[in-house]
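Chain letters run A, B, ... following the sequence lines, proteins first, then strands; residues in each count from 1.
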Amino acid sequence: MALLKLENITKRFGGLVAVDKVSLEINEGELIGIVGPNGSGKTTLFNVISGVYTPEEGKVIFDGKDITRLPAYKRAPLGLGRTFQIPRPFSSASVRENVAIGAMFGTLADKVTVDDSLEIADRYIDLVGLEAHRDKASGDLTPVEKKLMEIARALAMRPKLLLMDEAMAGMNPKDIDDMVKFIKRIKEEEKIAIISMVEHIMRAVVGLAERVMVMNQGAKLVDAKTEEALADPRVIEVYLGQPTEQSKWRSEVWKEGKGEDE
Amino acid sequence: MKKTLPKYYPLIPVFAAYLIMFLIGFFVPGMWQMVALLAFYCALGQSWNIFMGMTGYVDFGYVTFIALGTYGMSLGITYCSQYEWLGIGIIVIGFILAMFLASLSALLEAFIALRLRGAYFAIACIGINEGLRYFIEGAKIWGGSEGLIYFGALVQALGRDTVNQLTSFWADFSVFIIAALAAFLNMHYMRSKIGYALTAVREDEDAAKVMGINANKYKTIAFLTSGWLGAGVGAMAWGLKLGYVYPGDVFVIHYTVECIVVVLLGGAGTLLGPVVGGLIYGLSKYWLAVIMPGFQLLIFAPIIIIIIVAAPEGVVGLLKRRLKGTRLEMFIE
């Protein structure tokens, strides 16, 4: 059975259809990427899954339960964790307290005390490699450290499914490679499903996910294995646009010029 | 035990301050009234700070709770003093009524006003306070604008000696107890899941919800606690001590402003802040009223402005920063 099942999700803002009849299934332990240009509805879809928005049409089924209309705070204890596009640390609290908050109100909410949560927090801070900043106020971290802290906080919730919103935006190639490796590692170690959203860093998508869903203008364009999806002419068109007469002519000239050089 | 005990260290200076105040008032002749006034400000600051410090919401209508607490006690004494067999029980009934009225209004306000944020919340609270006052006056319930005068009934029910003792000692003493209780609850909340949840809500409410935090539940807990304590102070320091109540006397925003000044002087969101703020405010108000009667507000306003500009985190906020990294750090919160 699928862990998360989206059935014909439609979300409108006034006349704008931000998400248009999107269906998707994710199995336990699967890592998939959601790709699409700016404004294609990825973040809105994330917000529908995590409960920030209620869709006008369609159903969200998580772990066999219909959670379409469940408020956001009731979803986390079921096993839904997420990180944000722009990190949202609880700035005045320390890194340790931030991560402990994740443990306290996630799937373990009824079972852990404050002290337990702080212990769990330490474990995940070590996992993401922030042990040097444990007692620092989270607002004072660098952007990359904030992202790592958010991942630790989401993992401390012990989710079954982790939604990662643009985990790699604004990073340099080396950091991206490290992050890809890291995400794959936590997927194996924590045995959780991950949906990672990537806007346009193809380098990350290829290395990360076995499967991607490509979105364009709110609708699902392609849902396939990564290599197949990225080779799909429709996907290339979304990212690079249709070849015009001029661009064809330009590329021919370029080819000819190259030929002459050789 | 080893693990949880150090967590409550910051209560030590707070309780020590209350104890010293109490001892001075008890043993130094003529000091009791002043100490009682200081305890009143400390208790109100501490109670108000539980909600404001933990959630970041500024409740301008806080005096509603104090007023309703006063009314609870007044109603209890007015309507139950005829039953002689109740004896001192009428005070208990009054106190329970105070808590009941405070809960009712806290839940109602939480339902309406806690959905609002920032200035809208503050204005909604003022609105509820003024609304209640005019409702009592206009609908002529609980004595309407003439209020309730029940000192005589109290004397008749309990005897002059008991009443004297109650109003001159036990009413003030219970304010001390409430102040200490407020500090303890504040500390306890800070160290429990409630405190963590409210920190998250204060910093980023939407992110907190996604993390699984039921923001309204935790805000309501803090609001209710704050309201109960305020009502307790009202019931004892006004309801029992004064023996009368007028709506125009108790539903006065001025008292909320005093709470805010006390907390900001001492340090918002800190545990020791309301004590320090209450002492500074109470002492200087008392002293200025003695040396320059009539001019105290004129002098007091600029002093407050200077302190708040010079130390926006309050005295305790400054102290906390100074002591960071030293061994005394764990005693200051």
Over 12 foreign heavy atoms within 6.0 Å of [atom1], [X]:
X: Ile86(A); atom1: CD1; answer: no
X: Phe15(B); atom1: CZ; answer: yes
X: Lys187(A); atom1: NZ; answer: yes
X: Phe13(A); atom1: CZ; answer: yes
X: Arg322(B); atom1: CZ; answer: no

Using a cut-off of under 4.5 Å on heavy-atom pairs, state which of Lys74(A), Arg75(A), Glu97(A) scores highest against chain B.
->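 Counting heavy-atom pairs under 4.5 Å, the top option is Glu97(A).
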
Less than 4.5 Å apart, side chain to side chain, heavy atoms only: is that true for [X] and [Y]?
X: Tyr73(A); Y: Lys217(B); result: no
X: Arg88(A); Y: Asp206(B); result: yes
X: Lys209(B); Y: Pro71(A); result: no

Given that the side chain runs from C-beta out, which part of Ala197(B) has a heavy atom under 4.5 Å from chain A: side chain, backbone, both or neither?
->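 Both parts, backbone and side chain.
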
Atom pair CD1 (Ile213(B)) and CZ (Phe105(A)), whose distance is rounded to the nearest 0.5 Å | 4.5 Å

Could you grab the distance from atom OG of Ser50(A) to atom CE of Met211(B), nearest 0.5 Å is fine?
-> 11.5 Å

How far apart are the closest heavy atoms of [X] and [Y], and which atoms are they?
X: Pro77(A); Y: Gly212(B); result: CD-CA, 4.4 Å
X: Ala76(A); Y: Val210(B); result: CB-O, 3.6 Å
X: Ser92(A); Y: Glu203(B); result: OG-OE2, 2.6 Å

Atom group of Leu118(A) that falls short of 4.5 Å from chain B, counting heavy atoms |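 It is the side chain, since no backbone atom gets that close.
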
Between Met104(A) and chain B, which part of the residue has a heavy atom less than 4.5 Å away: side chain, backbone, both or neither?
-> both

Expected output: side-chain Lys193(B) to main-chain Ala109(A) donor-acceptor under 3.5 Å = yes

